[in-house]
K.L.:
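Would you mind keeping the following structure in view while I ask a few things?
Side-chain atoms are counted along with the backbone in the values below, which use heavy atoms only and exclude waters and symmetry mates.
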Amino acid sequence: MTDPSAASDASFETLASAVGVVPEARTLAIPEMCLVVLVGVSGSGKSTFARAHFRSTQVLSSDVCRGLVADDENDQSATPDAFDVLHYIAGKRLAAGRLTVVDATNVQAKARASLVQVAREHDVLPVAIVLDLPERVCVARNADRADRAFGPAVIRRQAADLRRSLRGLAREGFRRVHVLRSVDEVADATIEYTKLFTDLRHETGPFDIIGDVHGCLDELEQLLTRLGYHLRRDDGRDADGGADGGGGNGGRPVSAWHPDGRRVVFVGDLVDRGPAVPGVLRLAMGMVAEGTAFAVCGNHENKLVRALAGRKVTIGHGLAASLEQLAAEPAEFQARATAFCQDLVSHYVFDAGRLVVAHAGLKEAYHGRASARVRSFALYGDTSGETDEYGLPVRHPWAREYRGRATVVHGHTPTLEPEWVNNTLCVDTGCVFGGSLTALRYPERELVAVPAARVYVEPTRPLTDPTEPSTSTITPTASTTAPTASAIAPDAGPSGLAIEVSPPVTPRDRGPAGVVDLLDVTDVLGRRFLETRHGGRVRIDEENALAALEVMSRFALDPRWLVYLPPTMSPPPTSAQSGLLEHPAEAFAAYRADGVDRLICQEKHMGSRAVVVLCRDAGVAATRFGATDGPSGAATGAVYTRTGRPFFAPELTEQLLARLRTASERAGLWDELAADWLVFDAEIMPWSAKASDLVARQYAAAGAAARGALPVALEALTSAAGRGIDVADLLGRTSTRLANAEAFTDAYRRYCWPVDGLTGIRIAPFMLLASAAKAAPAAPAAPAGAAGATTGATYAQRPHSWHLDVAGRLAAADPTLITATRHITVQADDTDSVAAGVRWWEELTGAGGEGMVVKPADALVRGERGLVQPGVKVRGREYLRIIYGPDYTEPEHLDRLRSRGLGRKRSLALREYALGLEALERAVAGEPLWRVHECVFAVLALESEPVDPRL
């Protein structure tokens with residue numbers, strides 16, 4: 001099925017039927033996503049047909065729209081406004097990718113032209129279904145309708161307009177036209193939905209996506225072999241003496257297959273420039289025919305087809321080489337090659353929409369769409385219409401603005417080395433120019449490359465850095481025919497050539513010139529919905545986003561370190577026990593109600609929440625995080641607060657990171673996890689280390705004032721009582737208030753002590769959130785793709801006992817800095833176990849501790865209603881004086897506090913928890929930084945919700 005540059009990709013039987021009139025059709029084939037225009041005179045049955053074959057929400061009726069704007073569906077004076085409404089709604093539906101049906105007479109070309117334009121604006125196919133019934137039938141039907149006050153003359157006029165239109169509907173732009181000419185044909189018609197050629201969402205891989213080959217057959221054979229494919233040759237032999245028998249490298253390669261069922265996706269530009277264009281086409285055509293490969297059209301195939309068809313084209317950019325080489329082939333091969341190139345589609349959408357392959361790339365709005373504009377972008381990119389100093393088109397760097405969920409893999413613009421930019425990757429590494437031929441293994445996100453044997457063609461423009469605009473160039477070094485990255489180890493290929501096998505490339509920012517994947521203000525404005533793997537859809541309201549913008553605008557931390565923000569934590573249901581607001585019994589009961597019986601209780605450290613991002617060395621920090629902000633060069637990690645601010649000054653931060661790095665080495669974490677960077681959730685003590693100003697201004701000032709004033713008042717009241725004045729009630733309340741003030745002072749002083757540098761600082765890591773690394777390059781004998789993937793993971797689903805064991809090992813490695821977290825297990829359905837848990841809490845709080853955190857022992861747990869709270873804090877009676885004030889234990893205050901609403905706090909904790917996990921998983925998966933940051937930003941936004949911060 002041909003996909004010419006002026007046409008769009010459509011799943012139709014032939015090009016002729018795609019643009020022609022199909023008479024007497026009973027089964028009407030229409031694309032799953034298109035604009036269907038019903039055409040017919042009044043009374044032809046369009047509305048009845050629409051109700052029979054489409055959902056009511058899919059149909060836009062001109063009569064209904066007239067009623068919306070004029071309260072009268074027959075008020076013809078309202079027609080212009082009615083069609084404004086109809087076009088607006090149609091545009092919104094098509095923008096969302098929804099099938100839309102327009103129910104109107106549409107017998108005049110002008111009315112249809114506006115609808116075709118709407119379809120073109122949204123890059124969908126316009127389809128016409130014509131109900132060309134006899135005039136007498138339509139006149140009779142209208143005569144039976146009381147709401148139709150016009151006579152046969154109107155029907156005759158509409159029928160005349162329709163007859164004049166029929167032959168020209170295809171020329172108007174309708175990509176499919178169905179004509180029904182009788183009542184029986186209308187009654188018998190059925191709708192059959194077809195997929196566009198580009199829609200391969202059901203194909204999930206695994207794939208090996210190969211960059212621009214440009215006639216480099218030797219390199220293509222080597223790369224396929226390196227990837228584990230068996231080449232089939234036209235003398236009946238496999239290259240390795242496999243299924244087809246024989247041995248050696250006898251005949252020409254005509255196909256290839258992979259024993260594990262992997263398939264190749266060619267990104268286009270198989271032809272031109274290189275020495276073996278027919279050989280490359282022969283191999284690619286065989287693989288596509290046998291179903292072991294897919295191929296999209298490149299601009300060079302598009303131009304070659306036009307040249308072979310005798311159209312006037314400029315013979316340049318290697319086209320002459322293709323024409324000369326093809327001229328030496330038999331006519332039958334030339335015809336097959338021409339048909340193959342002509343039938344290539346603009347792009348493919350794979351894996352439920354998670355992967356898009358297009359020669360020059362494709363912005364998100366064009367994914368799965370069909371129009372000449374989409375095809376042009378897919379083949380040529382987004383050009384400005386200008387040329388650079390080399391006479392080549394200046395291309396707009398669309399990838400730097402890409403915000404799509406799908407991974408987009410493309411070629412077209414050769415680069416020195418492939419690099420992820422906002423979840424897009426260019427795999428054209430200039431093989432024909434002496435670079436290399438590169439493949440991306442999907443979904444593993446591994447890169448495998450073989451170097452070019454030589455420079456076949458000198459590039460007109462030096463190879464570019466993928467993060468730079470196309471007008472900026474980087475001159476390749478003399479090593480362009482050999483491995484260029486020091487991290488890539490040469491490997492012996494089948495012909496003794498050096499083979500590049502890179503670890504997976506992780507999206508990274510490249511400093512001031514490459515801030516392409518940082519969060520943009522347009523990513524967070526307005527009401528937004530974020531999809532999370534564990535918590536479903538999370539809504540971020542506009543007013544909360546604006547508050548978060550204020551916080552984020554004052555970040556002092558380099559945002560590249562912000563891979564996670566911890567969630568808030570909910571308290572348990574309010575306790576009814578005398579004198580208490582919180583008690584473990586309510587926490588145990590709440591978890592048991594959620595179906596969670598096995599719990600772990602952890603000592604709650606009174607300090608400040610901190611996230612630690614720890615790199616194994618400065619090289620990892622620079623490579624993965626683009627770190628340039630250390631005190632004497634690159635930073636090696638970050639320690640930041642719940643709002644994303646640095647916890648310490650840079651020098652002290654590096655000292656702390658160095659201690660943690662050494663402790664991780666001694667504990668064996670780096671090797672055990674094959675990690676180059678780690679993320680910890682921790683508490684840093686004392687509280688005064690971060691909150692010294694808050695302690696001085698709020699807590700110490702209040703305590704000092706109370707302890708200064710109340711003793712004087714108490715002395716005066718005691719004297720008055722001695723003189724016989726009745727002040728017993730006031731004296732008692734003042735005495736109680738003084739005792740409360742002293743208890744308040746004792747409460748906050750427990751968590752304050754002097755520090756000097758790291759002396760006095762204690763850190764209690766209680767969760768290892770994530771780790772990741774690039775594995776070592778593959779050994780020479782390693783199988784294809786063995787250069788390890790990014791060995792990364794999040795550990796939210798590991799049981800808490802595992803996390804506490806890690807924390808204990810770190811504490812043993814550096815006991816003067818790192819504090820282990822004491823804990824016990826509780827079985828919520830066992831009375832004795834619950835009692836033991838309560839006693840442990842009483843011991844902690846009785847000794848001046850803050851309290852404990854109760855968590856499901858299995859960590860990430862789902863109940864009947866979704867995610868279960870990841871942790872519930874149960875604070876002690878005396879600690880809560882710091883939160884609610886010295887006198888909160890007085891009955892009148894305690895009764896009021898018992899009515900506090902916890903529902904919003906619980907909801908907030910779960911939503912922030914889901915967002916934090918999503919941020920970590922995106923970071924470890926190597927997604928663009930803006931995708932990580934939108935989750936981090938959302939946590940900040942939710943913190944702006946009107947929830948009592950004391951809860």
K.L.:
When you measure from the side chain of Thr105 to the backbone N and O of Val41, does any donor-acceptor pair fall under 3.5 Å?
P.N.:
no
K.L.:
Does a sphere of radius 6.0 Å around CZ in Arg136 hold more than 12 heavy atoms from other residues, nucleotides or ligands, not counting ones at 6.0 Å or beyond?
P.N.:
no
K.L.:
How about Ser165 and Arg112: does a side-chain donor come under 3.5 Å of a side-chain acceptor?
P.N.:
yes
K.L.:
Would one find more than 12 heavy atoms of other residues, nucleotides or ligands at under 6.0 Å from atom CZ of Arg141?
P.N.:
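Result for CZ/Arg141: enclosed.
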K.L.:
Could you tell me whether the side chains of Asp212 and His412 share a donor-acceptor contact shorter than 3.5 Å?
P.N.:
no
K.L.:
Kindly indicate whether a cation-pi arrangement holds for Lys363 with Tyr366, taking the cut-offs as under 6.0 Å to the six-membered ring centre and within 45° of the axis.
P.N.:
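Yes.
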K.L.:
Assess whether atom CD of Glu32 is packed by more than 12 heavy atoms of other residues, nucleotides or ligands within 6.0 Å.
P.N.:
yes
K.L.:
For Thr79 and Arg66, does a side-chain donor sit closer than 3.5 Å to a side-chain acceptor?
P.N.:
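Side-chain D/A pair, Thr79 to Arg66: present.
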K.L.:
Under a plain distance cut-off of 3.5 Å, with no hydrogens placed, do Glu192 and Thr27 share a side-chain donor-acceptor pair?
P.N.:
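No - no donor-acceptor pair under 3.5 Å links their side chains.
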K.L.:
Taking 4.0 angstrom as the limit, do Arg373 and Asp123 come out as a salt bridge?
P.N.:
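Yes, charged N to carboxylate O under 4.0 Å.
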K.L.:
Under a 4.0 Å threshold between the charged nitrogen and the carboxylate oxygen, would Glu364 count as salt-bridged to Arg405?
P.N.:
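Salt bridge flag = no for Glu364 with Arg405.
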K.L.:
Tell me whether the rings of Tyr402 and His367 are parallel (<30°), tilted (30 to 60°) or perpendicular (>60°).
P.N.:
tilted
K.L.:
Does Phe529 have Arg537 sitting over its ring (NZ/CZ under 6.0 Å from centre, angle to axis within 45°)?
P.N.:
yes
K.L.:
Which atom names give the shortest non-hydrogen contact between Leu304 and Leu326, and what distance separates them?
P.N.:
CD2-CD1, 4.0 Å
K.L.:
Locate the shortest heavy-atom distance separating Val305 from Cys341; write the atom from each residue and the value.
P.N.:
CG2-CB, 3.5 Å
K.L.:
Ignoring hydrogens, what is the shortest heavy-atom contact between Ala189 and Phe49? Give both atom names and the distance.
P.N.:
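The pair with the smallest heavy-atom distance is CB-CE1, 4.2 Å.
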K.L.:
Any idea which heavy atoms bring Leu35 and Val102 closest together, and the distance?
P.N.:
CD1-CG2, 3.8 Å
K.L.:
Go through the side-chain N and O atoms of Thr100 and Arg93 and say whether any donor and acceptor fall under 3.5 Å apart.
P.N.:
yes
K.L.:
Among all residues two or more places apart in sequence or in another chain, which pass the ring pair (Phe, Tyr, Trp, His ring centres under 6.0 Å) test with Tyr348?
P.N.:
Phe294, Phe350
K.L.:
Salt bridge check, Asp541 against Arg539: does any charged N sit closer than 4.0 Å to a carboxylate O?
P.N.:
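Yes, this pair counts.
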K.L.:
Taking atom OH of Tyr88 as the centre, does the number of heavy atoms from other residues, nucleotides or ligands within less than 6.0 Å exceed 12?
P.N.:
no
K.L.:
Within the side chain of His347, is there an N or O that forms a donor-acceptor pair under 3.5 Å with the backbone of Val357?
P.N.:
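Side chain of His347 to backbone of Val357: no pair is present.
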K.L.:
Would you name the heavy atoms of Asp199 and Lys195 that are closest together and state the gap between them?
P.N.:
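Heavy-atom minimum between the residues: OD2-NZ, 3.6 Å.
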K.L.:
We want to know whether Asp351 and Thr204 form a side-chain donor-acceptor pair, criterion being a heavy-atom distance below 3.5 angstrom.
P.N.:
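Side chains of Asp351 and Thr204: no pair found under 3.5 Å.
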K.L.:
Just to verify, what does Glu301 make a side chain to side chain donor-acceptor pair (under 3.5 Å) with, not counting sequence neighbours?
P.N.:
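Listed in chain order: nothing, the list is empty.
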K.L.:
Can you tell me if Asn302 uses its side chain to pair, donor with acceptor, with the backbone of His300 under 3.5 Å?
P.N.:
no
K.L.:
Given 3.5 Å as the limit, does a donor-acceptor pair link the side chain of Arg922 with the main chain of Arg931, or not?
P.N.:
yes
K.L.:
Are any side-chain N or O atoms of His178 and backbone N or O atoms of Ala29, one a donor and one an acceptor, separated by less than 3.5 Å?
P.N.:
yes
K.L.:
Indicate yes or no: does Glu542 engage Arg528 in a salt bridge with an N to O separation below 4.0 Å.
P.N.:
no
K.L.:
Return the CG to CD distance between Asn422 and Glu401, rounded to the nearest 0.5 Å.
P.N.:
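CD of Glu401 is found 9.5 Å from CG of Asn422.
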K.L.:
Would Glu918 and Arg533 pass as an ion pair if we require N to O under 4.0 Å?
P.N.:
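Between Arg533 and Glu918 there is a salt bridge, with a charged N closer than 4.0 Å to a carboxylate O.
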K.L.:
Kindly give the heavy-atom pair with the smallest separation between Ser255 and Glu290, and that separation in Å.
P.N.:
OG-OE1, 2.8 Å
K.L.:
Scan side-chain atoms only and decide if Ser77 and Asp75 contain a donor-acceptor pair under the 3.5 Å cut-off.
P.N.:
yes
